[in-house]
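Here the structure is laid out as structure tokens; the discussion comes afterwards.
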Amino acid sequence: MSILVIAEHDNIALKVETLNTITAAEQIGHDITVLVAGQGCYAVGESVLKIGSVSRVLVADAPHYARQLAENVSALILNIASDYTHILAPATANGKNILPRVAAMLDVAQISDIMRVESADTFVRPIYAGNVLATVKSKDPIKIITVRCTAFSAATIEGGLGSIESIIPVADLGISNFFSQQLTKSDRPELTAARVVVSGGRGMGKGENFKLLEDVADKLGAAIGASRAAVDAGFAPNDYQVGQTGKVVAPELYIAVGISGAIQHLAGMKDSKVIGAINNDEEAPIFQVADYGLVADLFVAMPELAKELDNLASR
Amino acid sequence: MKILVAVKRAVDYNVKVRVKADYSGVETANVKMSMNPFDEIAVEEAIRLQEAGKVREIVAVSIGVSACQETLRTALAMGADRGILVEENEIELQPLAVAKILKSIVEREQPNLVILGKQSIDDDANQTGQMLAALLSWPQGTFASKVELGDYSVNVTREIDGGLETLTLNLPAVITTDLRLNEPRFVKLPNIMKAKKKVLEILKSTDLGVDITPRLMTLKVQEPPKRQAGIKVDTVAALVDKLHREAQVI
């Protein structure tokens with residue numbers, strides 16, 4: 001068993017999703033190599049070296065890896081793929097973009113979004129928005145896998161004894177180019193890494209009302225999420241979206257505000273440790289999964305919640 | 001310019017799926033089927049590009065059982081010009097096999113752009129577009145929320161973690177759609193009648209000489225453990241108290 005993990009990073013720091021993916025790799029086998037492809041990313045590679053289970057770090061540094069373009073990064077992975085029995089990446093926007101290309105070029109299947117490792121060739125993955133779990137066995141010589149990060153804890157960063165080396169980049173294919181980006185500016189933790197998530201749905205009524213969520217989120221150090229309905233209605237940007245077609249989160253605490261709880265939304269948050277829900281409709285399906293439900297007008301309850309959290313802090 | 005759109009017949013968005021009694025799969029007999037919602041967005045985008053005068057022809061392709069003809073008729077009623085069904089009634093089609101079949105259709109039809117949904121809402125694999133692009137050695141713009149088509153290149157704005165990014169791709173290219181790209185139109189009755197007269201060609205998967213053997217074996221499917229409903233509290237103060245003392249998460 002020889003496993004390659006594709007690191008998720010922004011050329012400056014390693015993203016926690018890499019650590020979740022390494023935990024999944026640990027459950028498959030012990031010989032773990034991590035590939036850091038980027039530009040000026042050697043320090044990221046050095047930080048990976050601190051992870052106890054990682055035996056080797058490969059750094060590919062080139063301008064055409066800076067933006068993780070799928071065409072170029074997949075060509076790089078393909079170049080070293082034959083050394084490995086498994087290639088894993090987190091099921092992030094990058095991982096989902098890059099790995100199927102690698103699989104197709106190797107003429108093997110991809111196993112998407114695994115939640116459990118049964119053995120080196122058998123995995124559990126969600127289908128139908130997580131309403132069904134499928135146990136699948138791969139017959140391919142190389143297993144290409146994306147990992148649902150919320151299903152695996154983060155690997156510990158200690159006791160690293162591995163080696164680091166630079167590898168030669170593959171030439172820029174030149175068929176795709178980065179043009180621009182617009183990142184949502186926020187001082188809050190990232191949605192998928194936050195300990196607490198406060199999410200709003202259609203019940204928020206309009207985008208400005210997300211201020212009510214922000215006031216509470218500020219006091220809890222929480223990230224802000226949204227249901228697809230709220231995103232479709234233009235209340236919140238798409239990268240806030242939690243659900244089948246958005247992000248999957250599993251924080252310690254998830255507070256659903258004005259969210260009815262469609263199965264597609266539940267798919268993205270039902271593995272949260274504790275779920276609180278505030279909704280004025282007592283029949284809303286969200287109450288069937290919530291640990292603590294409050295039937296109330298959110299426009300009254302949210303300011304009150306902010307005040308109660310202040311009281312709690314001053315106690 | 002010519003666009004190929006791929007459309008999949010899937011269990012309808014609103015159906016609550018049930019696992020078969022022998023855990024071999026999901027019950028699909030007598031269940032409402034419709035076009036995968038992301039593929040509807042793909043068809044809509046192709047039509048909008050055609051309406052903007054940039055596209056000469058839209059060819060819709062579906063791969064699967066005979067009933068996929070209905071899915072293609074929907075695409076034709078929306079505005080696609082012609083349909084191709086690659087019929088396969090026996091073998092379970094996995095993303096790699098679908099990508100290989102699409103590749104052979106692309107080689108036959110020579111489109112400048114292929115648009116498909118980013119994932120289908122049944123197997124949630126999110127692979128086919130990327131695999132097709134790789135097999136063709138074409139660039140890809142996945143999870144698209146905006147498409148600006150030029151003569152030799154296309155700018156695709158993508159939904160990424162943390163925001164949006166725009167790529168410039170050389171044509172030909174593959175694009176996979178995300179939710180905010182557009183809102184698909186409703187099909188009008190006269191268009192359904194008109195769609196019946198449009199050409200729908202039927203090929204057999206065996207005619208294409210492509211290896212479609214499934215690579216993944218599904219050992220079993222089951223429902224995830226159900227989350228137990230908790231309690232209702234009466235006041236915000238009680239909610240905070242429970243979260244603090246009982247759950248100890250704040």
Side-chain angles (χ1 to χ4, degrees), chain A residues 70-71 74 92-93 96-97 100-101 103-105 108-113 122 126-140 175-184 220 228 238-239 244-245 252-253 270 274 276 287-295 301 304-305 308-309 312, chain B residues 11 16-17 19 26 94-96 99 121-127 130-131 133-135 138-140 142-143 145 155 159-170 178-180 215-224 227 229-233 235-237 239-240 242-244 247 249-250:
Chain A
E71 298 78 8
S74 61
T92 52
K96 291 191 272 197
N97 190 35
R101 260 190 109 95
M105 292 188 290
V108 300
Q110 173 177 293
I111 308 142
S112 294
D113 223 10
T122 304
I127 55 175
Y128 291 94
N131 289 299
V132 180
L133 301 181
T135 306
V136 296
K137 185 183 169 98
S138 163
K139 292 183 268 190
D140 288 318
I175 52 175
S176 56
N177 285 291
F178 173 81
F179 184 74
S180 65
Q181 73 174 17
Q182 282 172 273
L183 298 183
T184 309
L220 292 169
R228 179 182 163 184
N238 188 66
D239 56 304
Q244 179 187 18
T245 57
E252 296 273 298
L253 173 62
K270 68 182 156 75
V274 175
F287 290 123
Q288 289 165 21
V289 299
D291 299 287
Y292 304 105
L294 174 65
V295 181
E304 214 178 308
L305 179 56
E308 286 290 340
L309 290 172
L312 186 68
Chain B
V11 170
K16 171 104 182 73
V17 293
V19 168
V26 165
Q94 295 182 349
L96 182 63
I121 59 165
D122 45 13
D123 66 12
D124 284 334
N126 195 332
Q127 298 173 10
Q130 296 90 313
M131 286 182 157
L135 295 176
W138 287 9
Q140 67 190 40
T142 54
F143 327 144
S145 67
N155 275 12
E159 306 273 10
I160 58 168
D161 297 335
L164 297 169
E165 110 183 331
T166 304
L167 303 179
T168 304
L169 310 176
N170 293 0
D178 216 319
L179 287 170
R180 291 196 302 173
R215 305 301 186 82
L216 296 181
M217 220 161 58
T218 299
L219 303 182
K220 67 173 174 202
V221 303
Q222 60 201 110
E223 282 181 22
R227 197 180 172 109
I231 56 161
K232 289 229 174 83
V233 294
T235 62
V236 171
L239 177 64
V240 170
K242 287 284 185 194
L243 292 174
H244 180 60
V249 286
I250 59 172

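Please read all numbers here as calculations on a predicted model, not as lab measurements. Per chain, numbering begins at 1; letters A, B, ... match sequence-line order.
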Working note: B:Leu96 + A:Val108, criterion side-chain contact (heavy atoms from CB on, under 4.5 Å); need CA distance, chi angles, decisive distance, verdict.
CA-CA 7 Å; B:Leu96 182 63; A:Val108 300; 5.7 Å; no
So which residue, [options], ends up with the most heavy-atom pairs under 4.5 Å with chain A?
| options | result |
| --- | --- |
| B:His244, B:Lys232, B:Lys242 | B:Lys232 |
| B:Gln222, B:Glu159, B:Gln140, B:Lys220 | B:Gln140 |
| B:Ala133, B:Pro224, B:Ala229 | B:Pro224 |
| B:Arg180, B:Glu165, B:Glu223 | B:Arg180 |
| B:Ile250, B:Leu164, B:Val26 | B:Leu164 |

Contact summary for [X] and [Y], nearest pair of heavy atoms:
| X | Y | value |
| --- | --- | --- |
| B:Asp124 | A:Ala129 | OD2-N, 2.8 Å |
| A:Lys96 | B:Gln130 | O-NE2, 2.8 Å |
| B:Pro139 | A:Glu71 | CA-OE2, 3.3 Å |
| A:Val274 | B:Ala247 | CG2-CB, 4.0 Å |
| B:Gln127 | A:Ile111 | NE2-N, 4.4 Å |
| B:Leu243 | A:Tyr292 | CD2-CD1, 3.7 Å |

Go through [options] and name the one with the most non-hydrogen pairs under 4.5 angstrom from chain B.
| options | answer |
| --- | --- |
| A:Pro100, A:Ala104, A:Ala103 | A:Pro100 |
| A:Ile127, A:Asn238, A:Asn131, A:Val132 | A:Asn238 |
| A:Asp291, A:Val136, A:Leu309 | A:Asp291 |
| A:Asp113, A:Thr184, A:Leu294, A:Val289 | A:Leu294 |
| A:Ala134, A:Gly293, A:Gly130 | A:Gly293 |
| A:Glu252, A:Gln244, A:Lys270 | A:Gln244 |

Option from B:Val19, B:Val11, B:Asp123 for which side-chain contact (heavy atoms from CB on, under 4.5 Å) with A:Tyr128 holds:
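Looking at B:Val19, B:Val11, B:Asp123, the match for A:Tyr128 under the side-chain contact (heavy atoms from CB on, under 4.5 Å) is B:Val11.
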Tell me, for [X] versus chain A, whether the close heavy atoms (under 4.5 Å) come from the side chain, the backbone, both or neither.
| X | answer |
| --- | --- |
| B:Leu179 | side chain |
| B:Pro95 | neither |
| B:Val233 | both |
| B:Leu167 | both |
| B:Ala99 | neither |
| B:Ser145 | neither |
| B:Val249 | both |

Enclosure of [X] [atom1] (heavy-atom neighbours >12, cutoff 6.0 Å):
| X | atom1 | value |
| --- | --- | --- |
| A:Phe179 | CZ | no |
| A:Lys137 | NZ | no |
| A:Lys139 | NZ | yes |

Using atom types as modelled and distance alone, determine if a side-chain donor or acceptor of B:Arg215 lies under 3.5 Å from a backbone N or O of A:Asp140.
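No, the answer is negative, given that no donor and acceptor are paired below the 3.5 Å cut-off.
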Return yes if some donor-acceptor pair links the side-chain N/O of A:Asn177 with the main-chain N/O of B:Thr168 below 3.5 Å, else return no.
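No; zero donor-acceptor contacts below 3.5 Å.
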Check each atom of [X] against the heavy atoms of chain B and say whether the ones under 4.5 Å are side chain, backbone, both or neither.
| X | result |
| --- | --- |
| A:Leu312 | side chain |
| A:Thr92 | both |
| A:Glu304 | both |
| A:Ala301 | both |
| A:Leu220 | side chain |

Kindly compute the distance separating CG (B:Asn155) from OG (A:Ser180), expressed to the nearest 0.5 Å.
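Taking CG in B:Asn155 and OG in A:Ser180, the distance rounds to 8.0 Å.
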Euclidean distance, B:Thr235 OG1 relative to A:Leu305 CG, rounded to 0.5 Å:
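One finds 11.0 Å between CG of A:Leu305 and OG1 of B:Thr235.
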Just wondering, do B:Asn126 and A:Gln110 contact through their side chains at under 4.5 Å, heavy atoms?
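No; the side chains remain at least 4.5 Å from each other.
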Taking the side chain as everything from C-beta on, heavy atoms only, tell me whether A:Leu183 gets closer than 4.5 Å to B:Ile160.
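With C-beta onward as the side chain, the pair touches.
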Check against side-chain contact (heavy atoms from CB on, under 4.5 Å), B:Leu219 and A:Thr122:
CA-CA 9 Å; B:Leu219 303 182; A:Thr122 304; 3.7 Å; yes
Does a donor on one side chain sit under 3.5 Å from an acceptor on the other, for A:Asn97 and B:Thr142?
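B:Thr142 and A:Asn97 do have a side-chain donor-acceptor pair below 3.5 Å.
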Worked check of side-chain contact (heavy atoms from CB on, under 4.5 Å) between A:Gln182 and B:Thr166:
CA-CA 9 Å; A:Gln182 282 172 273; B:Thr166 304; 5.8 Å; no
